[in-house]
**Q** 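Just passing along the structure, written as structure tokens.
Both counts, for ligands and for their atoms, begin at 1 and track the order of listing. These values consider heavy atoms only, across backbone and side chains, with no hydrogens, waters or symmetry-generated copies.
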Amino acid sequence: MRIFSGIQPTGSKHLGNYIGAITQYVAGQDRGEAIYCIVDLHATTVAYDAADLREKTYDTAALLLAAGLDPARCVLFRQSDVREHSELTWLLCSVTSFGDLNRMHQFKDKAGAQRELVSAGLFFYPVLQAADVLAYRAEEVPVGDDQRQHIELMRDIAGRFNARFGETLVVPEHRIPEIGARIMDLQDPERKMSTTGGTEQGTVLVLDEPERIAKKIRSAVTDSGSEVVRAPDKPGISNLIEILASVRGCSFADVEAEFADSRYGDFKQAVAEAVTAHLAPVRERYADIRADQAGLEAALALGAQKARTIAAPVLADVRLAMGVGPAL
Ligand code: ATP
Ligand code: MG
């Protein structure tokens, strides 16, 4: 089983990323051949600072290692180091429908949030994402719920490529966790917790100080009523139940049963304690790992080398199938 996923180096990663994606990445190392990529090229699709991007790529690498990725058991690399991603993006454009790209929710959301340029890169983001995965013939893609539409498009692209040019690419499956696939913003529980679009108070960062995390959770927007139960008209409480169930690895029913007689305040306090305890070890390990930037660079370079040995032959097959370049 080959697993592939990418994560953006934009900003500090948040609790949604941690629960929805990073936890699955760590588990993936025991389930198969796991390949993880820090997608710096994706991060250039919205306004960004060049010097900052390089730093954030190291920050993200250090965070992933602190969370439990082990370069000896997975391939961890920086997207731009493996040129095959960019080349395959262009080649896949020939089997990507403009109309499909135009329907992507993420493009509409992010384009609407740009103050200046809406880059063509933002529009092509899902094609680059398809190239990331398809270059490795990955079978499974662990992601949060917000990536459902992009994975569907990636599957269409792979299927159309194979139909047009012959069986070449693997059509991957998404792996979206049952609990924790869509953690909502604590201040705006109708919107997903997000790196680029969320509220500051409503976004718990993995590296936030414990007291700050506790404060954000204690001041989460909750709903009228007093019962700790999940319901469509209780998005705030439902979100906190989901967070606690994810962190504890238990069911929604377990949480509801335990807090059946509790008030919102006590429940929030319990969620705050569970989340701070869950993230504390990651934050502690992070400081040491991030301090050794040369070590991080070496780990990423080694990862890129390993990644290239998988992606290069796939690209050779794609070029051959498409009639691009000389015959072998
Ligand atoms: P942006 O809002 O700028 O797109 P992001 O917060 O979505 O950033 P990414 O690096 O794009 O961060 O996402 C990394 C992974 O985290 C993806 O698999 C994504 O599906 C997952 N993820 C993002 N937000 C959440 C969330 N609120 N709950 C669960 N998973 C999430
Ligand atoms: Mg995202």
Side-chain angles (χ1 to χ4, degrees), residues 3-28 34-48 52-53 56-57 59-61 63-64 67 69 76 78-79 104-114 119 121-122 125-126 128-129 132-133 138 140-154 172-200 202-207 216 220 235-236 238-243 245-247 275:
I3 300 166
F4 183 101
S5 194
I7 188 161
Q8 295 206 63
T10 38
S12 315
K13 301 322 281 184
H14 54 74
L15 185 63
N17 301 137
Y18 191 79
I19 292 174
I22 297 173
T23 307
Q24 295 202 78
Y25 295 178
V26 175
I35 307 172
Y36 303 120
C37 174
I38 302 171
V39 294
D40 55 345
L41 297 178
H42 277 101
T44 66
T45 59
V46 292
Y48 78 100
D52 212 35
L53 175 59
K56 283 176 173 164
T57 302
D59 294 348
T60 305
L63 184 74
L64 293 172
L69 289 193
L76 175 64
R78 173 171 48 208
Q79 183 184 36
M104 293 294 121
H105 305 308
Q106 182 175 294
F107 173 68
K108 289 181 194 157
D109 292 348
K110 289 195 178 177
Q114 295 307 301
S119 73
L122 194 57
Y125 185 114
L128 177 58
Q129 190 176 348
D132 293 339
V133 175
E140 195 182 272
V141 191
V143 282
D145 180 72
D146 63 310
Q147 293 304 310
R148 206 176 274 276
Q149 195 186 30
H150 285 172
I151 308 285
E152 233 8 84
L153 178 68
M154 171 188 304
E173 307 276 344
H174 63 62
R175 185 181 175 93
I176 297 176
E178 269 175 37
I179 296 182
R182 194 174 184 81
I183 301 298
M184 309 309 271
D185 189 297
L186 298 178
Q187 290 296 320
D188 185 0
E190 305 281 357
R191 276 178 24 193
K192 88 166 182 85
M193 196 176 280
S194 155
T195 312
T196 44
T199 67
E200 198 190 330
T203 307
V204 170
L205 300 181
V206 177
L207 299 176
K216 285 177 179 175
S238 301
N239 188 36
L240 291 175
I241 293 174
E242 181 134 9
I243 290 172
S246 315
V247 165
V275 172

**Q** Going by the salt bridge (charged side-chain N to carboxylate O under 4.0 Å, His left out) test, which pairs reach into residues 179-188, not counting sequence neighbours?
**A**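 Every pair satisfying salt bridge (charged side-chain N to carboxylate O under 4.0 Å, His left out) with a residue in residues 179-188: Asp145-Arg182, Asp188-Arg191.
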**Q** Does either side chain, that of Glu200 or that of Gln187, offer a donor lying less than 3.5 Å from an acceptor on the other one?
**A**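 On atom types as modelled, these side chains do not qualify, holding no pair under 3.5 Å.
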**Q** Indicate the ring-plane relationship of His150 and Tyr125, choosing parallel, tilted or perpendicular according to the 30° and 60° boundaries.
**A**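 Rings of His150 and Tyr125: tilted, 30 to 60°.
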**Q** Okay, side chain of Lys192, backbone of Gly198: is any donor-acceptor separation there less than 3.5 Å?
**A**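 No, because the side chain of Lys192 does not come within donor-acceptor range (under 3.5 Å) of the backbone of Gly198.
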**Q** Which protein residues have a heavy atom under 4.0 Å from ligand 1?
**A**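 Within the 4.0 Å shell of ligand 1, which is judged on heavy atoms, sit Ile7, Gln8, Lys13, His14, Gly16, Asn17, Gly20, Ala21, Lys110, Val143, Gly144, Asp146, Gln147, Gly180, Ala181, Arg182, Ile183, Lys192, Met193, Ser194, Thr195, Thr196.
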**Q** Of all residues at least two apart in sequence or in a different chain, which pass the salt bridge (Lys or Arg N to Asp or Glu O under 4.0 Å) check with Lys216?
**A**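 With sequence neighbours excluded, Lys216 shows a salt bridge (Lys or Arg N to Asp or Glu O under 4.0 Å) to Asp208, given in chain and number order.
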**Q** Could I get the full list of salt bridge (Lys or Arg N to Asp or Glu O under 4.0 Å) partners for Glu178, not counting sequence neighbours?
**A**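 Not a single residue meets the salt bridge (Lys or Arg N to Asp or Glu O under 4.0 Å) criterion with Glu178.
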